[in-house]
Amino acid sequence: MKALLALVACLLVSGCIAVVPIPIAATATATRAPDTSIPVRATDSFTNRINAFRASQGAGPVRQSAILTRAAQAHAQDMSDRGYFSHRSRGGPNGETLMARSRAAGCNVRAVAENIAKGQRGEAEVLEDWANSSGHRRNMLNRRMTDYGLGRAGDIWVLKLSSGC
């Protein structure tokens, strides 16, 4: 139990770093089919902001992916519905890990990262908070990332970044 608490504390302090490179031979195991009724949530303004931030730091642009957006939205909604805040979704309907959730949504990624946040009122505020957190910033500036999806449920935010989807 102490080891689990130490792990949780490390994750909170680390800025939710979650970049997972995947070997090409890895196989996908989807928990359930993606819910295509979940809307694409990010605005053009968010796309412009994240790409301006990336460009200011020498990183190329990312494009919004409807698949990653559905996965991000589903995780944000699950956290809101079940009252937790974590990258891990024990018994989650869309997969327990960020990789499982990405694959369940239909994304066969080589690398994936996930930022989560709680309490921000809008896209500009959440992006600024992530930019000011070293782990979140590192995820957003990762040059391998080419696609993103943004989800929101109330004041819970999820940003998924991937190296192809």
Side-chain angles (χ1 to χ4, degrees), residues 8 10-20 22 30-51 53-54 62-142 144-165:
V8 169
C10 287
L11 285 174
L12 290 173
V13 172
S14 71
C16 299
I17 299 169
V19 175
V20 182
I22 302 302
T31 304
R32 75 173 193 194
D35 182 354
T36 56
S37 68
I38 295 173
V40 173
R41 303 281 299 201
T43 65
D44 289 341
S45 176
F46 184 83
T47 301
N48 293 338
R49 282 186 176 111
I50 193 169
N51 283 329
F53 172 66
R54 286 175 58 89
V62 290
R63 64 184 172 269
Q64 185 180 16
S65 160
I67 292 171
L68 287 175
T69 298
R70 281 191 295 275
Q73 183 62 36
H75 186 49
Q77 193 64 56
D78 184 49
M79 285 192 287
S80 178
D81 291 347
R82 296 195 303 143
Y84 71 97
F85 184 72
S86 175
H87 292 284
R88 283 251 199 262
S89 175
R90 300 265 182 229
N94 301 303
E96 185 171 316
T97 65
L98 69 113
M99 183 55 67
R101 290 188 297 275
S102 297
R103 288 182 173 160
C107 188
N108 187 18
V109 298
R110 293 176 299 279
V112 65
E114 181 176 78
N115 289 355
I116 59 176
K118 186 172 182 179
Q120 293 78 6
R121 294 177 302 257
E123 292 174 349
E125 184 179 358
V126 76
L127 185 64
E128 181 179 344
D129 286 353
W130 282 328
N132 290 323
S133 164
S134 64
H136 296 108
R137 178 185 186 89
R138 198 169 27 255
N139 285 346
M140 291 192 308
L141 294 177
N142 186 322
R144 294 176 60 196
M145 303 305 172
T146 58
D147 299 280
Y148 85 91
L150 180 70
R152 177 184 185 185
D155 67 346
I156 297 175
W157 297 83
V158 176
L159 174 66
K160 294 182 79 60
L161 297 145
S162 81
S163 63
C165 187

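Nothing fancy with the numbering, it's 1 onward along the sequence. FYI, side chains are in, hydrogens and waters are out, and symmetry mates aren't considered; it's all heavy atoms of this structure. Everything numeric here is computed off the predicted structure, so don't read it as measured data.
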For [X] and [Y], work out which heavy atoms get closest and say how close.
X: S65; Y: D147; answer: CB-CB, 4.2 Å
X: I156; Y: M79; answer: CG2-CE, 3.5 Å
X: N139; Y: N115; answer: ND2-OD1, 2.7 Å
X: A117; Y: W130; answer: CB-NE1, 3.5 Å

Original post:
Are a donor atom and an acceptor atom from the side chains of T69 and Y148 found within less than 3.5 Å of each other?
Top reply: no

Original post:
Just checking, any donor-acceptor pair under 3.5 angstrom between side chains of S162 and R144?
Top reply: no

Would the distance check show the side chain of [X] and the main-chain N or O of [Y] forming a donor-acceptor pair, the cut-off being under 3.5 Å?
X: R138; Y: M140; result: no
X: D155; Y: K118; result: no
X: W157; Y: Q120; result: yes
X: S102; Y: C107; result: no
X: R63; Y: T47; result: no

**OP:** Check whether more than 12 heavy atoms from other residues, nucleotides or ligands sit under 6.0 Å from atom CD of E128, and answer yes or no.
**Re:** no

**OP:** Mind checking the CZ-CZ spacing from R137 to F53? Nearest 0.5 Å is all I need.
**Re:** 4.0 Å

Subject >> Separation of T97 OG1 from E114 CD (nearest 0.5 Å) >> reply: 9.0 Å

**OP:** Dump the intermediate steps for side chain to side chain donor-acceptor pair (under 3.5 Å) on S45 and R49, then the final yes or no.
**Re:** CA-CA 6 Å; S45 176; R49 282 186 176 111; 2.7 Å; yes

Subject >> Option among E96, R70, H75 that satisfies the side chain to side chain contact (heavy atoms under 4.5 Å, CB included) test with R101 >> reply: H75

